[in-house]
Amino acid sequence: MAIDPVAELRAAVAEAAGTLAGGEQRLPGLERPPKPDFGDYSTNAAMLLAPVMSEPPRGVAEKLGELLGERLAGVLERVEVAGPGFLNLFVSDEWLRSALAGMVAAEDGYGGGVASEAERVLVEFVSANPTGPVTVASGRHAAYGDSLARILDFAGHDVEREFYVNDYGSQMRRLGESIKARARGEEPPTDGYHGGYVTELAEKIDGAAESDVDELATQSATLILESVEATLERFRVHFDRFFSERSLHEADKLRAVLTLLEEKELAYPSEGAVWMRTTEYGDDKDRVLMRSNGEMTYFTADIAYHRDKLERGYDRAIDVLGADHHGHVTRMLAAWDLLGGEGGTLELPIMQIVSLMEGGQRVQMSKRGGEFVTLDELIDDIGVDAARFFLLQRSHDTALDLDLSLARDRSQDNPVYYLQYAHARIASILRKAGSEAVDAATAADLAGSAEHLHASACALLKRLLEWPAEVLEAADRRAPHRITVYLHVLAQDFTAFYRDVKVVGAAEEGGDEAFRIAMCVATRRVLARGLDLLGVEAPEEMHRDDAA
RNA sequence: GCCCCGGUAGCUCAGUGGACAGAGCGUCGGCCUUCUAAGCCGGUGGUCGGAGGUUCGAAUCCUCCCCGGGGCGCCA
């Protein structure tokens, strides 16, 4: 069981509420109130219970407070009824000290394993045509998908990362045609690919000018995929599997899908093509499975691909899609349903677009004409840490403006360095304390410490106590950006603690050095873990002089 | 026309039923004999797009409308 003192407190409140009202009740909330005056935690339990018990909320709060006071004698200093019926809880220093002890004992696992039910999850993301370099847009997908996978993994799920390679179809043909054209010193077709890499490939592949277009496409796709993979690895994104669309065609999996759909009477011929009745699943029109020229559409391949996913027996599949693919959602859910996938087990989060800004101006990154910013260029410019952090900072369903001048800035203005600096600062303190003192501190009886908690220490402890719930929220809501927000306030709280409380030499001000070292250790672990979930490094040292 | 995502401080955005709405950047003013000033403290700043509704309570849920972005192919 994951160590989470706040969850235990919440459970105690829920239990007391159950005792008062009898039976199952709406689960009461336990949250950090907006003002210190409102206690360390507050619960709306009384307001939820009031209608059930047909009593005024404040009266219920009084009773609940009394009951909690008895049951949690050592935990709660006092309780107060406030406002419309909130019950504000003031925890004891004793409870906070033992909470720290719990965190420290949990070591690197603190905050992990919080998922209520461990699932086998497949996260599919990026999944671009292997027709060119990774763009910044795909970079956002990569950062999101990978970070989500890291979070789900830490929360206790069994996660696989997969890249679906669209190495088949008309886009590939266009690539082949474009390369052949370049090899002959001609312009690629209007709807072909015009980037400089096309010319490079044309030069790299022997006899490209004379090659068969399809063969050329296959050959170059392999080369492009290698560089795509290299870029993603550089971005600290590692896929467990690259799943080839071509392999589905070669194994005749699309034909099998067609047969299956025909058996279920969900496929029908019309105008020389074969269609699927996606309208039966709420789509606004039926979709073509096989074109009148006998070729299968990407949709049929997608169905075959998802059939394969289902056969692999995951509990859940998450497909990260781009905003331009949102129209696919309904038909993919339809496909999932008819293939026997359980409702709600296929999720299709939609990534909104990313724009690069430079001094308030939008940077052109149109893919047409081959003038677009690649992920490699972005990394060269601002570094992996800043790139990942900035791409993750905003919710996936909001359009993102990435300010290059701010992201590039190796200065105090850059939020990613603020977090790394907090980590480096703790590392510095622990170095100064010495490894023996640190080892002793983590082994010490922290719960029994005589440390009198400074307000900043209380605030920091309570922030650290939010970590397990924060991981769970980020995992359940597929929201890595929440981690960036949390780490920022954590770093702020640590900085306040650093300002107000002396760690090394605590005895000089009557404090317990071991206890304070343990707080540093706990904070450092959460910061390091949080940064890791974002794919950002946690440096041991940072110096301003490093900046040019 | 239909579908998706936004509309919260000057800018970029957190905040999916709780108490007088937050952060970063910007701006103004202060702080380096200190466990790292890549830091800290203070000031400035908001009709939460609009109108109704649900609720003890709404930025948050529902309906309608306005504005911005994206999508609506026998391309992927």
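Below, read A as the first sequence line, B as the second, and so on, with proteins coming before strands; counting in each chain starts at 1.
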With rounding to the closest Å, how many angstrom separate the P atoms on rC75(B) and rG69(B)? 29 Å

Scan residues 503-522 of chain A against RNA chain B and write down, sorted by residue number, each residue with any heavy atom closer than 4.0 Å; if none is found, say none. V503(A), V504(A)

Kindly indicate whether the side chain of H543(A) and the base of rA37(B) share any N or O donor-acceptor pair separated by less than 3.5 Å? no

Measuring only the P atom in each nucleotide, how far is rC41(B) from rG7(B)? A whole number of Å is fine. 29 Å

Taking the C1' atom in each of rC13(B) and rG50(B), what is the distance between them to the nearest angstrom? 22 Å

Lys NZ or Arg CZ of R78(A) over F90(A) ring: under 6.0 Å, within 45°: yes

P gap between rG26(B) and rA38(B), integer Å: 16 Å

Atom pair distance, as rounded to whole Å: CG in L400(A) and P in rC11(B): 17 Å

May I ask you to list the residues of residues 473-486 of chain A, by number, that have any heavy atom positioned under 4.0 Å from an atom of RNA chain B? R477(A), H481(A), R482(A), V485(A)

Would you kindly check if the NZ (Lys) or CZ (Arg) of R425(A) is within the cone defined by 45 degrees around the ring axis of Y498(A) and under 6.0 Å from the six-membered ring centre? yes

Could a donor-acceptor pair under 3.5 angstrom be found where the side chain of H488(A) meets the base of rG24(B)? no

Considering only side-chain heavy atoms of Q492(A), which listed nucleotide, rG24(B), rC75(B), rG18(B), is closest? rG24(B)

Distance alone, cut at 3.5 Å: any donor-acceptor contact between the side chains of Y486(A) and E473(A)? no

Could you measure between the two P atoms, the one in rU44(B) and the one in rG10(B), and give it in whole Å? 14 Å

Per nearest nucleotide of RNA chain B, the residue lying toward the 5' end, P51(A) or N129(A), is P51(A)

Apply side chain to side chain contact (heavy atoms under 4.5 Å, CB included) to T484(A) and F389(A), showing your working. CA-CA 8 Å; T484(A) 70; F389(A) 188 84; 3.8 Å; yes

Under 3.5 Å, is there a donor-acceptor pair linking the side chains of D512(A) and S449(A)? yes

Y421(A) and P539(A), any side-chain heavy atoms less than 4.5 Å apart: no

From rU36(B), rC74(B), rA76(B), pick the nucleotide closest to the side chain of Y498(A)? rU36(B)

Any chance you could encode RNA chain B as dot-bracket? Rule is Watson-Crick or G-U wobble with both distances under 3.5 Å; [ ] for pairs crossing earlier ones, | for another strand. ((((((((.[[[[.)..(...]]]]((((((.......))))))....[[[[[..)....]]]]])))))))....

With hydrogens left out and only the distance checked, is there a donor-acceptor pair under 3.5 Å joining S292(A)'s side chain and the base of rC74(B)? yes

Could you check whether the side chain of N44(A) and the base of rG18(B) have a donor-acceptor pair of N or O atoms closer than 3.5 Å, going by distance alone? yes

What nucleotide among rC74(B), rU36(B), rG69(B) has an atom nearest to a side-chain atom of Q352(A)? rG69(B)

Between K462(A) and D40(A), does at least one N-O distance fall below 4.0 Å, as a salt bridge requires? yes

So F239(A) and F163(A), would you call those rings parallel, tilted or perpendicular, with 30° and 60° as cut-offs? perpendicular

Pairwise C1' distance for rC67(B) and rC25(B), with rounding to whole Å: 25 Å

Does the pair R394(A)/D397(A) count as a salt bridge with the N-to-O cut at 4.0 Å? no

Whole-Å P distance, rC64(B) and rG1(B): 15 Å

Does a distance-only test, which skips hydrogens and angles, find a donor-acceptor pair under 3.5 Å between the side chain of N88(A) and the base of rA19(B)? yes

Side chain of R425(A) - closest among rA37(B), rG71(B), rA14(B): rA37(B)

Mutual orientation of the aromatic rings belonging to W336(A) and H306(A) [parallel < 30°, tilted 30-60°, perpendicular > 60°]: perpendicular

Distance-minimising heavy-atom pair for R516(A) and G511(A): NH2-CA, 3.5 Å

Salt-bridge contact E513(A)-K502(A) (side-chain N to carboxylate O under 4.0 Å): no

Across the strands shown, which category fits A273(A) at heavy-atom distances under 4.0 angstrom: base, sugar-phosphate, nothing? base

Let me spell it out: for each of M47(A) and G169(A), pick the nucleotide of RNA chain B with the closest heavy atom. Which residue's pick is nearer the 5' end? M47(A)

Distance-only donor-acceptor test, Q171(A) side-chain atoms vs rC75(B) base atoms, 3.5 Å: yes

Syn or anti for rC32(B), given that syn means the glycosidic angle lies within 90° of 0? syn

In whole angstrom, give me the gap between the C1' atoms of rU63(B) and rA21(B). 25 Å

